[in-house]
2 protein chains.
Amino acid sequence: METAGKLDRAVGARAMKPQQIREAAARLFLAQGYGAVSMDAVAREAGVSKATIYAHFADKAELFADLVKEECARQWPDTAMLESEPGDLREALMAVGMVYAELLVSPKGVQTFRMVVAESPRFPELGRAFYDGGPRLIRDKLAAYLARAEAQGKLALGDPRLAAQQFLAMLRCEHHLRALTGLDPAPAPAEIARVVAGATDMFLRAYGR
Amino acid sequence: METAGKLDRAVGARAMKPQQIREAAARLFLAQGYGAVSMDAVAREAGVSKATIYAHFADKAELFADLVKEECARQWPDTAMLESEPGDLREALMAVGMVYAELLVSPKGVQTFRMVVAESPRFPELGRAFYDGGPRLIRDKLAAYLARAEAQGKLALGDPRLAAQQFLAMLRCEHHLRALTGLDPAPAPAEIARVVAGATDMFLRAYGR
DNA sequence: GTCTATAGGCCGATAGAC
DNA sequence: GTCTATCGGCCTATAGAC
């Protein structure tokens, strides 16, 4: 197609088709899983031929692993608020709790979690990318934040890392479980807020001064 | 085979082959997932022909769903301790916490969780069977137990159900996450005990009297 | 780089003998 | 009920033209 060819050169979009492929494959794989998506389906969704896919990706496994790893790296929320000096603790816990809890039950969050858990036996790299880039990172940042708050006399923790784990675990609540099992794909934001407030209250009752 | 035929009749084992099929299929499906297991593989593992499988199960989907549902119903631990009158609270929380936390990271527990989460989009019944038979049941029993303890003046809860969720969520901890993602398939029992003790301590600090 | 066409294999499910 | 043998289809991956 002459027009498309000229457009490619006009915008310097050498990586246009590869990008189309990545986006189409990500949509399909995340929604349906590795085994249920055929390369024909990816080609159709991307509007290219199957041969074009194989010109850019070695095989189906590489395409899948590439995309899921990318999704693992990108989806995590901004936690800059945990790097500043501790101000109002309740406010900080509510804020970080809300963004994390909402991510957990969001469509993207649920799909990514599903793929990683389902395919990590065959793609061990996915488990590593997901855990290190997400839960582990957040836990470390929160643990450091809590330790600083304790140094300021605002908390009485035994083990900051354990305390961080406990708070985050309370966010991976039944709403998360119900979203993962398809029983409640989209919990109401008010419900999420209630759980986050509950976790914050309980955390401060146990560890606050 | 004459001998096997006589044996079948001798022990009245009309359902011998079906049982072999169930066990073989359960092993393979739980370990490798729906898409990765072929009916040929099930036949080989069970020591029967493919046609025999289809004489007992309508198709691959039914066989899979049957087995996973069965596993969902069977695996949950005994929670009779939550039905008696509340005695020592710390002891009860530690006991129920240990059996639940150990189940969560056990090979069977991890495999079942993986299958349910991975396949619930295509098999919604699995999500229902898992959630209602497991997490929901335990949560309801624990909530009722905590409410009775509160009536005895042993606790000061806002919402018993929320409190039960919080305690159980702390058991679905990072060990669970790491087991699901294949990063740490078998956490040390001492590590589990530490998490359960931590959850119990924190719970009693927040809600105890 | 991108296409059409196809190789080559495996899979789910069934037919028919016993 | 159980087997052997096989069908039709779909899937991954590639060859070869442009």
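A, B, ... follow the sequence lines: proteins, then strands. Residue 1 opens every chain.
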**Student:** Looking at every non-hydrogen atom in both residues, tell me the closest pair between A:Ala26 and A:Leu67 and how far apart they are.
**Tutor:** N-CD1, 3.6 Å
**Student:** Nearest whole Å is fine: how far is C:dT4 P from A:Arg44 CZ?
**Tutor:**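 Going from A:Arg44 (CZ) to C:dT4 (P), I get 14 Å.
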**Student:** Is B:Thr52 near enough to D:dT2 that one of its side-chain N or O atoms lies under 4.0 angstrom from OP1 or OP2?
**Tutor:** no
**Student:** Round to a whole Å and report the spacing from NZ of B:Lys60 to P of D:dG9.
**Tutor:** 19 Å
**Student:** Is there a side-chain polar atom (N or O) of A:Tyr54 under 4.0 Å from OP1 or OP2 of D:dT14?
**Tutor:**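 So the side-chain polar atoms of A:Tyr54 never come under 4.0 Å of the phosphate oxygens OP1 or OP2 of D:dT14.
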**Student:** So which one's nearest nucleotide on DNA chain D is more toward 5', A:Asp40 or A:Ala51?
**Tutor:**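 Upstream on the strand: A:Asp40.
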**Student:** Answer yes when B:Arg74 and B:Glu70 have at least one side-chain N-carboxylate O distance shorter than 4.0 Å, and no when they do not.
**Tutor:** yes
**Student:** So among B:Glu62, B:Glu125, B:Glu119, which one has a salt bridge (Lys or Arg N to Asp or Glu O under 4.0 Å) with B:Lys69?
**Tutor:** B:Glu125
**Student:** If you check the A:Met39 side chain, which of C:dT2, D:dT12, C:dA13 turns out closest?
**Tutor:**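 For the A:Met39 side chain, the nearest candidate turns out to be D:dT12.
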**Student:** Starting at CD1 of A:Ile53 and ending at P of C:dG1, how long is that distance when rounded to a whole Å?
**Tutor:** 15 Å
**Student:** I want to confirm an ordering. Mapping B:Gly47 and A:Lys50 to their closest nucleotides on DNA chain D, which one lands closer to the 5' end?
**Tutor:**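 Result: B:Gly47.
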**Student:** What is the distance, rounded to the nearest whole Å, between atom CZ of B:Phe57 and atom C1' of C:dT14?
**Tutor:**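 Nearest whole value for this atom pair: 18 Å.
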**Student:** Reckon A:Lys17 has a side-chain N or O less than 4.0 Å from the OP1 or OP2 of C:dC3?
**Tutor:** yes
